[in-house]
Undergrad: 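If you scroll down you'll find the structure; I have some questions about it.
Letters A, B, ... are given to chains in the order of the sequence lines, protein chains preceding strands, and every chain is numbered from 1.
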There are 2 protein chains.
Amino acid sequence: MSPHTPAGRARRRVGRPTSRVLSRRMIIETGLRLLDEQGTEGAGMRAIAKELGVQPSALYNHVAGHAELMAGVRELLGERIPVDMFAERPWEEALAEWATLYRSAFAAHPATIALLAVLPLAEDTALTGMYDTVVGTLVRAGCREDRAVSVVVALESFILGSALDLIAADDMLDPGPRDDVPAFSSAYRARAERLAETGQRPADASFEIGLRAMIAGFGAEFGAGPA
Amino acid sequence: MSPHTPAGRARRRVGRPTSRVLSRRMIIETGLRLLDEQGTEGAGMRAIAKELGVQPSALYNHVAGHAELMAGVRELLGERIPVDMFAERPWEEALAEWATLYRSAFAAHPATIALLAVLPLAEDTALTGMYDTVVGTLVRAGCREDRAVSVVVALESFILGSALDLIAADDMLDPGPRDDVPAFSSAYRARAERLAETGQRPADASFEIGLRAMIAGFGAEFGAGPA
DNA sequence: ACCTGAACACCGTTCAAGT
DNA sequence: ACCTGAACACCGTTCAAGT
């Protein structure tokens, strides 16, 4: 039995290949695709290498390691968040839409949320352009300049926390039949009925309610002018 | 050289020990302690077992696995969040203090944040009592009953997201000397100056600003009465 | 019931060898 | 410069054997 190459791909000999077989971009995109298709477990260095038809060690010529690779995935997702709405609509509406799309960018890739939420954003990133747009809008809306960055970070914290909530089970908080927490049991049932009527997911309802409250709160602050 | 036991502890023979050497509680508390002392990497099954002077496999008599163990750690931290303030103070103040202590409970154990943020809360947990108190307060303050649970979840999302922000580097967003993002650069500098004056950490400033906005927003909603 | 000890099936990462 | 192939130093988890 002569050695056969799996999946019909010609086996490479040792030594430098005649043409580049890998690139940083290919690796990161494959990482994101495996994350989507297989979940967190299926997107390790070995799995990505296998998908690309190379040895795991080959990846290290293009990425520093698994953590840096995942940071690349996060940036890839971040770049897809649009900011056009800030030029076109009142700041409250634009901010709400931006936050919703921001959360959706992660929500579309559930397996990434847990992985990416805990990663710091890279320093010099394309996301800085997004911050510039949002911060500029806030200041023009009446936000104190020395508070604008904190406002954006607070919103991002809420967005990320809400994305994490999205991967939790819908019935996670269900108190069940216990009768020692009456206020919670009653409110839980009331919410369940309401959600059943509207067909909304619990995590979506919480996100919407929290987002509206934050934006309303910021609006009151901006309107009040400089303290 | 006869085999010596390390650290002066008598080596156990094989077979069931005469008295219990482990308990679920011991294991979870050791997990939290190692998380604090050594960080995420130092709190694996093997490290916890070593710290307790047992073989890794012994842990599986008391916990289902590493994930379930970490869920226990999270519950341990959650139980330490006090709720007395709701009985004593106006709801806005109580809610703000609760949220701050909630975040501090995680902030006191930085290595846990990334690990615990992505874990769903256990279903039947002591935390349900906390939810009961908070939800009851919100409803009495004028919150619609079918929205109260979502309000609490939204707050928790913000709290967790803010805790994650706490483990990011303080200068993470620094745009540096680039001149293509003027609004952001200017606002970033203004914030840096303000923080230098007050000595506040960036993550703390964002948390405070976001928390006040959310609570103000909820207050406006509650005051408006049922829609 | 609850431990030890050995083994299994994985990881990410390093590095010499090869072109 | 950029790949292969082998090795290193880990993981979490399973399970038979032992008391």
Undergrad: Say you draw a straight line from CG of B:Leu69 to CD1 of B:Ile48; how long is it, rounded to the nearest 0.5 Å?
TA: 4.5 Å

Undergrad: Hey, can you tell me if A:Phe184 and A:Tyr188 have their rings parallel, tilted or perpendicular (30° and 60° cut-offs)?
TA: tilted

Undergrad: Can we say B:Asp174 and B:Arg189 salt-bridge, meaning some charged N sits less than 4.0 Å from an Asp/Glu carboxylate O?
TA: no

Undergrad: Taking the side chain from B:Ser104 and the backbone from B:Ala107, do they hold a donor-acceptor pair closer than 3.5 Å?
TA: no

Undergrad: So how far is it from A:Ile28 CD1 to A:Arg74 CZ, rounded to the nearest 0.5 Å?
TA: 14.0 Å

Undergrad: Any chance you could encode DNA chain D as dot-bracket? Rule is Watson-Crick or G-U wobble with both distances under 3.5 Å; [ ] for pairs crossing earlier ones, | for another strand.
TA: ||.|||||...|||||.||

Undergrad: Please determine, by modelled atom types, if A:Glu156 and A:Tyr131 share a side-chain donor-acceptor pair under 3.5 angstrom.
TA: yes

Undergrad: Let me confirm one number: the CD1-CG distance from A:Ile81 to A:Leu127, rounded to the nearest 0.5 Å.
TA: 6.5 Å

Undergrad: Check for a donor-acceptor pair, side chain of B:Asn61 on one end and backbone N or O of B:Ala58 on the other, with a separation under 3.5 Å.
TA: yes

Undergrad: Among residues 60-68 of chain A, which ones have heavy-atom contacts with DNA chain C below 4.0 Å?
TA: A:Tyr60, A:Gly65, A:His66

Undergrad: Hey, could you give me the CG/OG distance between B:Asp132 and A:Ser186, rounded to the nearest 0.5 Å?
TA: 10.0 Å

Undergrad: Looking at residues at least two apart in the chain, or sitting in another chain, which of them share a side chain to side chain contact (heavy atoms under 4.5 Å, CB included) with A:Glu68?
TA: A:Arg24, A:Val63, A:Ala64

Undergrad: Judged by atom type as modelled, is there a donor-acceptor pair below 3.5 Å linking the side chain of B:Arg201 to the main-chain atoms of B:Ala203?
TA: no

Undergrad: Just to be sure I understand the geometry, which residues of residues 14-25 of chain B put a non-hydrogen atom under 4.0 Å away from DNA chain D?
TA: B:Val14, B:Gly15, B:Arg16

Undergrad: Could you state the interatomic distance from CD1 (B:Ile113) to CZ (B:Phe106), rounded to the nearest 0.5 Å?
TA: 8.5 Å

Undergrad: If I take atom CG from residue A:Leu34 and atom CD from residue A:Glu41, how far apart are they, to the nearest 0.5 angstrom?
TA: 13.0 Å

Undergrad: Do A:Arg12 side-chain atoms and A:Gly53 backbone N/O form a donor-acceptor pair below 3.5 Å?
TA: yes

Undergrad: Quick check on contacts: within residues 28-41 of chain A, what sits under 4.0 Å from DNA chain D by heavy-atom distance?
TA: none

Undergrad: Can you give the first and last nucleotides of DNA chain C, 5' to 3', that have an atom under 4.0 Å from a heavy atom of chain A?
TA: C:dC11 to C:dT19

Undergrad: Show your working on ring-ring contact (aromatic ring centres under 6.0 Å, His included) between B:Phe207 and B:Phe158 and close with a plain yes or no.
TA: CA-CA 8 Å; B:Phe207 177 68; B:Phe158 174 65; 5.5 Å; yes

